[in-house]
Amino acid sequence: MATKRRHIVIVGGGFGGIATANSLKNTDADVTIIDKYNHHLFQPLLYLVATASLSPGDIAAPIRAILGKNSKINVIMEEVKAIRAEENTLLLSDGRLIAFDQLVLAIGAQYNYFGHEEWAEYAPGLKSISDALKIREKILLSMEEAEQVQDVILRKPLLTYAIIGGGPTGVEMAGAIAEIAKSSIMNGYRNINPKDIDIYLIEAGPRILNAFPESLGEAAKNMLIKLGVKVLLNTPVTKIEKDTVHINTESIKASNIIWAAGIKAPKLLNTLDVEQDRVGRILVNPNLSIPKYPNIFVIGDSAHLEDKKGIPLPALAPVATQQGKFLGKLLAESHLTGSDRHVFKYLDKGTMATIGRAKAVADIRGLKFSGIFAWFLWSFIHILSLIGFRNRARVFVEWIWNFFTFKRGVRLITDRSGYEDSNTHGESATKSVEYHT
Ligand SMILES: Cc1cc2nc3c(=O)[nH]c(=O)nc-3n(C[C@H](O)[C@H](O)[C@H](O)COP(=O)(O)OP(=O)(O)OC[C@H]3O[C@@H](n4cnc5c(N)ncnc54)[C@H](O)[C@@H]3O)c2cc1C
């Protein structure tokens, strides 16, 4: 009698999910990967889409195309709504139930507004392609409007950018916007004086890049200040309203407010009745399974696993990728479930962040670099990490072009609907504000 084949289901086609699926190529099990989008996204370069340097297609690839050569893997584009761990099934948003023998949850993280979800409307985070495109549209549209508005008081917020959170994403966004302000793009705007552009990087803690050694945080801060960014430290945001960030007793009027402060685990994990940390990540065993359910594994940004010093592993792409590779091998080998014979060990190869064009900081196994050398290192590693030869080649060419010309290739405004609704000045301003001709 034929025995039923094992069914391994992976939720999430991000760094962890794709690495798991790729390591399961030669397994005897049936494998299904489910993602709410049809593409894998290289999030570390999203800020370059938001700041009009790269196109979405440069940093994303269809999951089907990535796994296409492996006929064993079934791809489903659908959102998972609930995990029914006792029944070994998943509920999809279209009402379907998917049964699994082993489940890998690699569903990443989402932005944490620390109990102020209402701020998300006015200070979007950068997590998906659609987030990046919305931010890009808003940046470009507010420049177009600033070009037309004569009144300096009304024009000021249109040329002000407030980025909240001094981690790598905030630093990279602030640096990239500062580069735009300095670049030849501004020659195309006759009425905007680049000196009128204000960029704030607002950080609640005493330093930026707090996951990096202090000297690199300081170097990054100095590079940003040189680019004209106002770095506000020890400055918690108290409230965000439409086009206004409140800090202490002051407020900053800015048409472009971007949230890059902290992450939390997706709500889907709450449907498992298991131990979670303060930001909702699941506490996992050293082999990445959940103590209560040995056939369910959590990896990447959704998992809480501590290193030898008791510090949770950081929410970084290499952590998710290494965990995916480890788990793929573990699951491919046998029917092991809760075995503690295998223990995941993270190999920290270093961390990097870039600050505008040709500047970066890097901490590679205790060796600290800053400036142009760190930027070349950052560029090289990021190009190599992109999936697909076509993407690598295109990003390489774009970077060479940007490096020598200071030009931004993707300055198209394609969707005005969202902007008109949320426009700073609204209808009345359109009627009453004096415009340049
Ligand atoms: C703007 C930005 C910049 C970053 N820069 C860096 C960097 O420079 N270096 C670095 O190492 N890391 C960086 N990171 C962090 C890095 O991207 C994450 O650590 C990494 O993506 C985590 O991998 P993951 O597999 O856990 O999740 P992800 O890669 O986020 O993948 C999660 C997947 O799950 C899918 N999903 C989620 N919920 C559901 C559901 N309910 N149903 C179906 N599918 C679902 C999502 O669509 C997504 O495809 C950055 C992140 C961001 C947002």
Side-chain angles (χ1 to χ4, degrees), residues 9-21 32-51 59-63 66 75-83 90-94 98 104-112 124-132 135 163 165 167-173 176 209 211-212 258-263 265-271 281-282 288 298-303 305 313-325 327 346 348-354 360-362 378-379 381-382 385 387:
V9 176
I10 303 163
V11 187
F15 285 95
I18 293 290
T20 310
T32 299
I33 184 162
I34 306 173
D35 198 295
K36 57 185 169 184
Y37 297 116
N38 77 336
H39 55 263
H40 165 80
L41 177 62
F42 193 85
Q43 292 170 28
L45 296 185
L46 254 184
Y47 80 99
L48 289 173
V49 175
T51 52
I59 62 160
I63 294 170
I66 298 169
V75 181
I76 298 178
M77 190 186 96
E78 201 63 63
E79 185 171 358
V80 175
K81 281 287 182 203
I83 305 154
L90 296 173
L91 173 67
L92 304 191
S93 56
D94 62 4
I98 302 283
V104 180
L105 294 167
I107 58 173
Q110 60 189 56
Y111 276 105
N112 191 350
L126 184 59
K127 193 71 191 150
S128 64
I129 287 180
S130 96
D131 294 337
I135 291 172
I163 297 125
T169 303
V171 166
E172 287 171 352
M173 271 307 287
L209 295 181
F212 287 68
I258 298 157
W259 186 261
I263 52 170
K267 280 194 190 129
L268 175 63
L269 297 177
N270 302 348
T271 63
R281 291 176 300 186
I282 305 279
L288 308 176
V298 188
I299 60 174
D301 287 3
S302 302
L305 180 68
L313 293 180
L316 289 174
V319 174
T321 304
Q322 288 181 30
Q323 290 182 333
K325 284 184 187 161
L327 191 54
Y346 174 52
D348 182 359
K349 293 181 188 161
T351 35
M352 301 179 179
T354 170
V361 289
W378 176 90
S379 307
I381 288 172
H382 281 75
S385 312
I387 286 183

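When a ligand or atom number is given, it counts from 1 through the structure's own listing order. Residues: numbered from 1 along the sequence shown.
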Return the closest protein heavy atom for [atom] as residue, atom name and distance.
| atom | answer |
| --- | --- |
| atom 11 (O) of ligand 1 | Ala317 N, 2.9 Å |
| atom 49 (O) of ligand 1 | Asp35 OD2, 2.5 Å |
| atom 21 (O) of ligand 1 | Phe15 CD1, 3.1 Å |
| atom 5 (N) of ligand 1 | Pro44 CA, 3.4 Å |
| atom 40 (C) of ligand 1 | Val80 N, 3.7 Å |
| atom 38 (N) of ligand 1 | Ile107 CB, 3.7 Å |
| atom 31 (O) of ligand 1 | Gly14 CA, 3.2 Å |
| atom 25 (O) of ligand 1 | Gly16 N, 2.8 Å |

Side-chain donor/acceptor of Gln323 to backbone N/O of Gly300, under 3.5 Å:
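At least one qualifying donor-acceptor pair exists.
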Does Ser302 use its side chain to pair, donor to acceptor, with the backbone of Gly108 at less than 3.5 Å?
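Confirmed, Ser302 side chain pairs with Gly108 backbone.
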[X]: which of [options] passes side-chain contact (heavy atoms from CB on, under 4.5 Å):
| X | options | result |
| --- | --- | --- |
| Lys36 | Glu78, Glu79, Met77 | Glu79 |
| Val75 | Asn38, Ile63, Thr32 | Ile63 |
| Val298 | Leu288, Ile282, Val104 | Ile282 |
| Val9 | Ile33, Val80, Ile34 | Ile34 |

As an exercise, state the distance from [atom1] of [X] to [atom2] of [Y], rounded to the nearest 0.5 Å.
| X | Y | atom1 | atom2 | answer |
| --- | --- | --- | --- | --- |
| Asp35 | Leu41 | CG | CG | 10.0 Å |
| Leu126 | Glu172 | CG | CD | 10.0 Å |
| Met173 | Leu46 | CE | CG | 10.0 Å |
| Leu105 | Ile83 | CG | CD1 | 4.5 Å |
| Thr271 | Lys81 | OG1 | NZ | 11.0 Å |
| Asp131 | Tyr111 | CG | OH | 8.0 Å |

Within-cut-off N or O pair, [X] and ligand 1, under 3.5 Å:
| X | answer |
| --- | --- |
| Ala320 | no |
| Leu126 | no |
| Leu316 | yes |
| Ala109 | no |
| Gly300 | no |

Tell me whether [X] reaches ligand 1 (any heavy atom closer than 4.0 angstrom to a ligand atom).
| X | answer |
| --- | --- |
| Tyr37 | yes |
| Ala315 | yes |
| Ala106 | yes |
| Pro318 | yes |

Options Gln43, Lys267, Lys36, His40, ranked by nearest heavy atom to atom 28 (P) of ligand 1, top entry
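Going through Gln43, Lys267, Lys36, His40 one by one, Gln43 has the nearest heavy atom to atom 28 (P) of ligand 1.
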Of the choices Asp301, Leu90, Ile33, Thr321, which has the non-hydrogen atom that lies closest to atom 19 (O) of ligand 1?
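Looking at heavy atoms only, the winner is Asp301.
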Test item: Ile129 and His39 side chains (from C-beta on) under 4.5 Å apart, heavy atoms
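SC-SC contact between Ile129 and His39 confirmed.
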Lys127, NZ: over 12 other non-hydrogen atoms inside 6.0 angstrom:
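Yes, enclosed.
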Provide the number and element of each atom of ligand 1 under 4.0 Å from a heavy atom of [X].
| X | answer |
| --- | --- |
| Gly12 | 33 (C), 34 (O), 35 (C) |
| Leu268 | 41 (N) |
| Gly108 | 26 (O), 27 (O), 30 (O), 32 (C) |

Between Thr169 and ligand 1, find which residue part has any heavy-atom pair under 4.0 Å and reply side chain, backbone, both or neither.
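The part of Thr169 near ligand 1 is the side chain, not the backbone.
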Heavy-atom contacts under 4.0 Å between Glu78 and ligand 1: side chain, backbone, both, or neither?
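Backbone only.
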